[in-house]
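Scope of the values below: all heavy atoms of this structure, side chains included, with no hydrogens, waters or symmetry mates.
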Amino acid sequence: MKRLLTSLPLMAILSSGCTEPNEQPPAPGPGTPPIDEPTTQVPAALTVEWQPTDNLANKDAKFFRSSFTLENKGPGELGNQGWKLYFNFVRRILNEGEGDGTLVQALAKQGVKISKPASGDYYVIEPLPDFKPIAPGERRAIDVLASDWAILKTDAPAGFHIVFTGEKFSDKTAFAVPSTVKLDANDPKQTTRFPGDKLPVQTPGLRYDENPAHQTLDLKARLLPAPRTVEAVAGTVSLKGDLAIGFVEGLKDEASYLAAALKDVLAANITSRATGGGEQIRLEFKPDLATAEGYELDVKDGSVTIRGKDAAGVFYGIQTLRQLIPTEVYDAAKKGARPQEIILPGVQIADAPGFTYRGMALDVGRHFQTKETVKRLLDVLAHYKINKFHFHLTDDEGWRLEIPGIPELTSYGSRRGFDPAEEEMLHAGFGSSNDLAEGDRISLKPPAPSNADPVKDAPQGYMPETVNFLGKGSGYYTVKDFEEILVYAKERHIDVIPEVDVPGHSRAAVKAMEYRYRKLKDSDLAQATAYRLVDPADTSKHESVQMYTDNFINPCLDSSYAFLTKVVQEIKARYDAVGAPLYAIHGGGDELPSLNNGHVWWQGSPLCKQNPVTRELTDIQLFNHFFKKWQGIITATGGTQMTGWDDIIHNGQDLPGFLPMPWSNVWGWGREDDAYKFANQGYKVILSHSTNLYLDLAYNKDPDEPGYYWANFVDTKKTFEYRPFDVYANATHNRMGVPIDPSDLKDKVRLSAEGKKNILGMHGLLWAENQKSPALLEYFAFPKMLGVAERAWNPEFPTDGDPAALWAHFTNSLGQFVLPRLDGYRAVDLRSEFPSRVGVNYRIPLPGAKIIDGKLNANVLFPGLDIEYSTDAGATWKPYKEPVAVSGAVSLRARASDGRTSRVATLK
């Protein structure tokens, strides 16, 4: 991707040669409100390279050393005044002089200071008077200490942008500064979190030892999640020519869905009609099936019959039927050559789900995803019988849903950009603002790639673009957008559960309502304060784990509850308008900083002390008071139940009817058994465990794997082997790779027989800090989400089989059938609303390899994927079929059926 570099203050503005042509701003739209920007053109000059240099610098693992290397590529020097360099960094940069006595932060000696213009992850580097100017062509490293550690490239600071002062420049406009990340996977100081980190960096040899062998599979292995019973019968069924789908009353929509799905892969005259006899495919009800959403599928005697307990059951039978279609049919259809006939194997299937809640959570607060991307995801999830979609619509970094009557939530709260004082929008977060587009007061960002090939250009790991402004920090769903998503989900039997995350994680809402106050206070004070969420005189001091100090809603204000009531009313109105079911509203409740560490939540609020209801309450009591009222608003106004993070009831709160989502089960942190405690108490629990179900966590310890790893590294094996009814079976190693002593878990609460009945289900959760494009969304979600789908449908992990053998069978199923189908997957289109891209950008694993007796031996995690090798550093590639003699360095990669390849592994 072409990148333009920013200017230096002492350089003359050039009129040609290295400037970017003026571009017309995008047309106004709900996702990216435009801002008037100066179009001053500046020449190329400054770049930044960041590298973690020593994670072992501090023996207590409290901080690490890294370097910010500034390179002056222009003709003038970077002087000791007149510039500020802004960036985002999720690590806390230590204060001047802070350290451990032997190693302290010493920025002043380097002639700079680093401060925070606002709370959160936003920093600025400024020169001090004794800063030695950086001459043209010079590189200057700034040595910096920051909290914890950094071992992956996605730990890097991102979104560098510079501001110059002087008459030729506006302090309202920043210029993008290209940045790169350097990390040596062979240097333990760069890849070891602290001396107790025993988890090795991924290598071809490690993968080779772990990867399963190729297996010959039966018919059942084609299907995911695995049905309860699959019985092969003699013969096959041919679908071709005039193909009629008959349906009984109540199944018209399911028949239309099936017809559309078959038209994508079969060149035939496909119609659906009320059953009158003679249809080759029949959709029926069978009320006497034992379980809701259960179904039977018969493919025999020349026809197909799907019988469901309910419409959802019939729909899931349709998904199983689609999976019986041979993978080569999907491949041919993708290439534009739909066959005129499909041969289905004879089979009888009886199936039903083990959990009633089978879900996925998607965060669009940190980075926005368009309605088209969400719809496409919903269709893929429906294919694997997922029936709940937890929609994380609000967070500190963005409010993503239009609320009629409170326009500031989206005119301000959905926008990020260069505005350090946050007068008109939120500051940049996670290195992004308005993606690569204009409208955020950051000029000279790299242009968006044109004509990107969705196969060849799909990311398979770390992308340099993710530290150079890629990511929709701005954007929201209009009323119409959201209603369309609800309709789309309803057609696929998916309940959308909207989340309003309060009272923490609420900075976007808080700042938007302060903007509203400033805008209206002089003309209409009543309206200005109607939805105000903070006490302006509050002196309470607290900092969230994301370093926000101003992201709390005040529980003592009537206006806070007026705001929440209005929001719930408008959300409920969207569901009512389209007749979509509102299963629950998620009320948030997570990650208020521990009061044991000197934090004060609301005790410094004069308005809390003046309110007779709250003036005597502790912070914990104020928190509980808030959620009593919040649950009442949801149940009364929204007419539905409240779910939320289990933090809400962690301190003894009693909330009958509440559906907790326990998430913080990191081994050794003390909350490993919360889910079972609450289930045994009678709460209906939705398992959300971070150690196995957080899809945004990196697949493994490879510097080029994107994602975080604070709770664990999470791969497909972690989701597949998750034990909903015995999570301690998953506690084999802690997040540092150290074996866990089973005796350490002996005092943990076990699930009682009644408690087991209270486990509603589980979901995979995809947080969006690093989810900066639709392709990266799919990379994080798949194939990990396939393990979630399998375990949510079949929660009883087989006890009569060897876990290693079960995993090997699953990986073969993915490699031979499931993933090739995804290569040709097309979202079912009932309305021709948008072009349906074919294929899913699931992660392709790097091959494993070893040199044995002078020969290359290679394998792959998902047998069925192709392996290629190169002995000339990737200039030419050969297919690997069997051990082959090689010499020197060997490059390897895996290839999917659609031509996408994994990252390249090197074996020396």
Side-chain angles (χ1 to χ4, degrees), residues 3 5-6 46-55 57 63-71 83-96 105 107 110 112-127 139-163 174-184 190 193 366-367 397 416-418 420 427-433 440 442 445-446 462-471 473 545-548 698 703-704 706-710 768-772:
R3 300 188 182 284
L5 312 182
T6 59
L46 188 67
T47 64
V48 178
E49 178 186 84
W50 179 82
Q51 180 177 21
T53 55
D54 193 355
N55 286 306
F63 60 83
F64 72 101
R65 186 202 301 268
S66 69
S67 63
F68 292 68
T69 300
L70 309 185
E71 183 174 4
W83 58 272
K84 295 181 179 181
L85 182 61
Y86 294 85
F87 61 96
N88 295 107
F89 194 23
V90 297
R91 299 292 187 262
R92 183 182 75 85
I93 293 179
L94 272 57
N95 297 317
E96 182 72 14
Q105 188 79 287
L107 297 171
Q110 302 172 78
V112 297
K113 70 174 181 177
I114 301 179
S115 60
K116 300 183 73 171
S119 76
D121 67 341
Y122 199 40
Y123 288 94
V124 58
I125 300 176
E126 300 175 71
R139 287 168 57 91
R140 174 80 54 78
I142 300 173
D143 193 52
V144 177
L145 303 179
S147 64
D148 304 312
W149 44 68
I151 60 172
L152 304 184
K153 290 180 180 178
T154 47
D155 290 326
F160 285 88
H161 47 288
I162 196 165
V163 172
F175 303 107
V177 174
S179 66
T180 55
V181 181
K182 185 177 181 181
L183 203 161
D184 184 356
Q190 297 181 45
R193 285 167 279 188
R366 276 59 176 267
H367 284 101
E397 297 83 10
R416 297 207 298 254
F418 179 66
H427 63 65
F430 302 111
S432 65
S433 48
D440 56 11
I442 301 176
K445 289 182 291 186
Y462 170 77
M463 298 170 60
E465 291 81 2
T466 59
V467 295
N468 288 284
F469 299 97
L470 181 70
V545 68
Q546 292 84 12
M547 298 181 287
Y548 290 109
D704 281 309
Y708 290 154
Y709 47 91
W710 60 269
E769 293 92 338
N770 295 296
Q771 181 213 113
K772 295 185 175 183

Original post:
Taking all atoms of both residues into account, what is the closest heavy-atom pair of Ile442 and Ser433, and its distance?
Top reply: CD1-OG, 3.7 Å
Subject >> Side chain to side chain, Val467 and Tyr462, heavy atoms closer than 4.5 Å >> reply: yes
**OP:** Identify the residue among Arg416, Lys445, His161 that makes a side-chain hydrogen bond (donor to acceptor under 3.5 Å, both in side chains) with Asp440.
**Re:** Lys445
Original post:
For Phe63, what residues pass the ring pair (Phe, Tyr, Trp, His ring centres under 6.0 Å) criterion, not counting sequence neighbours?
Top reply: none
Original post:
Thr53 and Ser67: which non-hydrogen atoms are nearest, and at how many Å?
Top reply: CG2-OG, 4.0 Å
Original post:
In Å and rounded to the nearest 0.5 Å, what is the CD to CG distance from Gln105 to Leu145?
Top reply: 4.5 Å
Original post:
Going from CG on Leu70 to OG1 on Thr47, what distance comes out if it is rounded to the nearest 0.5 angstrom?
Top reply: 8.0 Å
Original post:
Looking at Lys84 and Val124, what are the two nearest heavy atoms and their distance?
Top reply: CB-CG2, 3.7 Å
Subject >> Any residue meeting side-chain contact (heavy atoms from CB on, under 4.5 Å) with Ala150, in chain and number order, not counting sequence neighbours >> reply: Trp50, Pro52, Phe64, Asp155
**OP:** Decide yes or no for Tyr708 and Val90: does some side-chain heavy atom of the first lie under 4.5 Å from some side-chain heavy atom of the second?
**Re:** yes
**OP:** Would you mind reporting whether Thr154 and Met463 have side-chain heavy atoms less than 4.5 Å apart?
**Re:** no
Subject >> Plane angle bin for Phe68 and Phe87 - parallel if under 30°, tilted between 30 and 60°, otherwise perpendicular >> reply: tilted
Original post:
Can you tell if the side chain of Gln771 reaches within under 4.5 Å of the side chain of Arg366, non-hydrogen atoms only?
Top reply: no
Subject >> Qualifying residues under side chain to side chain donor-acceptor pair (under 3.5 Å), relative to Asp184, sequence neighbours excluded >> reply: none
Original post:
Do any N or O atoms from the side chain of His367 and from the backbone of Gly473 form a donor-acceptor pair under 3.5 angstrom?
Top reply: no
Original post:
How close do Lys772 and Phe430 get, heavy atom to heavy atom, and via which atoms?
Top reply: NZ-O, 2.7 Å
Subject >> Greater than 12 external heavy atoms within 6.0 Å of Lys116's NZ >> reply: yes
Subject >> Sidechain N-carboxylate O distance under 4.0 Å for Arg139, Glu49 >> reply: yes
Original post:
Looking at NZ of Lys153 and CD of Gln51, how far apart are the two atoms once the value is rounded to the nearest 0.5 Å?
Top reply: 10.5 Å
Subject >> Minimum-distance pair of heavy atoms, taken over all atoms of Gly431 and Asn88 >> reply: N-OD1, 3.0 Å
**OP:** Evaluate ring pair (Phe, Tyr, Trp, His ring centres under 6.0 Å) for Phe418 paired with Tyr86, printing each intermediate quantity in order.
**Re:** CA-CA 9 Å; Phe418 179 66; Tyr86 294 85; 5.2 Å; yes
Original post:
Hey, does Leu85 have a side-chain heavy atom less than 4.5 Å from the side chain of Val48?
Top reply: yes
Original post:
With a 4.5 Å limit on heavy-atom distance, are the side chains of Ser179 and Asn468 in contact?
Top reply: yes
Subject >> For Tyr123 against Asp121, the heavy-atom pair lying closest together >> reply: CD1-O, 3.6 Å
Original post:
Under 4.5 Å between any side-chain heavy atoms of Tyr709 and Ile151, yes or no?
Top reply: yes
**OP:** Measure from the side-chain N and O atoms of Ser432 to the backbone N and O of Leu470, and report whether any donor-acceptor pair falls under 3.5 Å.
**Re:** no
Original post:
Do the side chains of Ser147 and Trp149 get nearer than 4.5 Å, heavy atoms only?
Top reply: no
